[in-house]
Protein chains: 2
Amino acid sequence: MALGVREHVADSSRIDILRAAACCFMERGYTATSIDDVARRIGATKGRIYHHFPSKADLFAEVFRHGMDINFEALAPFQGMAGPALVRWRRMAKTHVLQMIDTKPFQRAVWIGVEMHLRGATTPEQRSVFNELIDYRDRYGAQFRDTLIQCRDEGVFRFENPSIAGQLMFMTLNSPIFWYSPRTGETRSDIEAIADQVVDYAQGGLCKEQGTQT
Amino acid sequence: MALGVREHVADSSRIDILRAAACCFMERGYTATSIDDVARRIGATKGRIYHHFPSKADLFAEVFRHGMDINFEALAPFQGMAGPALVRWRRMAKTHVLQMIDTKPFQRAVWIGVEMHLRGATTPEQRSVFNELIDYRDRYGAQFRDTLIQCRDEGVFRFENPSIAGQLMFMTLNSPIFWYSPRTGETRSDIEAIADQVVDYAQGGLCKEQGTQT
DNA sequence: TTGACAACATACCGGGTAGTATGTTCAACA
DNA sequence: TGTTGAACATACTACCCGGTATGTTGTCAA
């Protein structure tokens with residue numbers, strides 16, 4: 001059952017296409033990205049893309065799925081982690097932010113996919129595939145939401161509407177996909193400092209108490 | 001110099017097109033929106049659109065401009081307002097959030113425009129028009145950034161990187177354009193409560209002090 | 001009454017794009 | 001060594017969309 005050389009080559013070719021597609025979708029959006037764009041980026045032609053993916057929509061879906069796959073993978077170590085909920089939340093949040101920075105093209109594609117789903121910009125055939133991906137993404141989000149509720153139960157977070165709190169938290173933690181871009185000479189600890197500032201901001205927003213109303 | 005009936009009719013027709021265009025751009029994005037889509041939404045045809053706007057790019061630019069026009073208008077009362085910076089910041093922030101909710105289609109179009117500019121997804125001819133609009137939007141953002149710095153000078157806000165703090169603040173205050181949608185039976189005070197929660201979150205994020213590190 | 005023009009609608013064209021049909025090459029068997 | 005099929009490239013088609021060119025209609029001013 002071990003994979004032969006052929007399979008490895010095929011997988012490598014497939015992931016190369018996924019990476020190129022993710023970059024194209026990030027740079028131009030779904031509609032404005034042509035299959036030829038993706039092919040050209042890796043010095044290939046349409047034939048190669050359509051050999052591995054049945055359609056543009058399927059290619060996009062696979063980019064989405066891969067993006068979520070690596071997110072789940074990164075978050076796995078904190079599943080069922082003991083101790084204070086806040087500590088777990090901070091680790092999860094920082095991991096998530098670093099993931100947004102490290103795999104920006106895929107995460108932008110995920111964002112685009114969610115937007116497409118919310119706008120209903122999907123054909124009936126795509127619907128089932130998309131629903132599955134959105135569920136996949138919701139299960140990921142649920143891990144954060146559970147921890148969020150635990151933090152509130154433990155008294156470290158305070159917020160009115162949990163739904164809105166979750167939206168604001170994810171907007172904050174996802175935001176680097178929009179404004180982060182690598183600086184020349186940037187070290188890993190520089191990036192970690194950025195991630196820390198993002199996590200601190202979210203934490204501050206979630207445990208607010210002060211109120212200089214109106 | 002008073003405008004006649006003809007001019008008012010023409011202006012009304014123009015603003016109707018702008019509104020329809022804003023909705024289309026919000027629902028499908030720039031590329032996926034066709035001129036025919038915009039026309040169909042108001043029961044018209046291409047001819048009407050091209051009579052008022054020379055091109056799709058110009059139509060989009062005018063939607064962008066109108067979105068920023070109403071933003072400036074809403075924020076005008078707080079220009080040069082005396083008193084603590086935090087009070088001014090809260091009023092500006094809440095006004096901004098309510099504006100995002102009340103004029104969502106235009107604000108989404110502005111977002112799309114900024115994304116297009118950042119991606120360089122503009123033709124040389126569009127470049128100058130776009131640069132002007134981005135400047136226009138930056139001047140709007142500067143009003144917030146100035147107040148942000150004042151708040152830090154007055155000791156009520158604390159953050160490391162001002163640039164990142166600004167990004168996070170705007171992501172929070174703009175976020176309703178992505179997740180807000182009106183509920184049936186929703187009153188104005190319900191909306192204000194949502195806006196307050198958003199502003200509170202941003203404020204909490206900007207004056208963080210606590211730190212359960214790593 | 002009549003021209004003139006604004007405010008559209010209709011008809012059409014050219015370029016780009018998703019998808020397909022058909023080569024072509026080359027590695028792994030039998 | 002012949003054969004098969006994976007992994008592409010090439011050539012082509014049908015369609016959609018931005019833009020234009022050309023009607024058509026109603027209104028106002030002289």
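Heavy-atom basis, side chains included; hydrogens, waters and symmetry copies ignored. Every chain is numbered from 1, with letters handed out A, B, ... down the list of sequences.
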Contact under 4.0 Å: B:H52 side-chain N or O vs C:dA6 OP1/OP2: no
Closest to the 5' end of DNA chain C, once A:A32 and A:G47 are matched to their nearest nucleotides, is A:A32
Distance test, side-chain N/O of B:H51 to OP1/OP2 of C:dC8, below 4.0 Å: no
Roughly how many Å is it from CG in B:D36 to C1' in D:dC15, rounded to a whole number? 14 Å
Of the listed nucleotides D:dG18, C:dA9, C:dA18, the one nearest the side chain of A:I35: C:dA18
Whole angstrom is fine here: how far is it from CZ in B:R48 over to C1' in D:dT25? 15 Å
Measuring from the side chain of B:S13 (C-beta onward, heavy atoms only), which nucleotide among D:dG18, C:dA18, C:dC8 has the closest atom? C:dC8
For the pair A:F130 and A:F60, name the ring-plane relationship: parallel under 30°, tilted 30 to 60°, perpendicular over 60°. parallel
If you check every side-chain atom of B:S34, which of D:dA9, D:dC17, C:dA9 has the closest atom? D:dC17
B:E27/B:R108 salt bridge by N-O under 4.0 Å criterion: no
Between the base of D:dA9 and the side chain of A:K46, is there any donor-acceptor pair under 3.5 Å? no
Can the ring centres of A:H96 and A:Y140 be said to be less than 6.0 Å apart? yes
Which nucleotide wins on minimum distance to the side chain of B:K56, given the candidates D:dA7, D:dG18, C:dT20? D:dG18
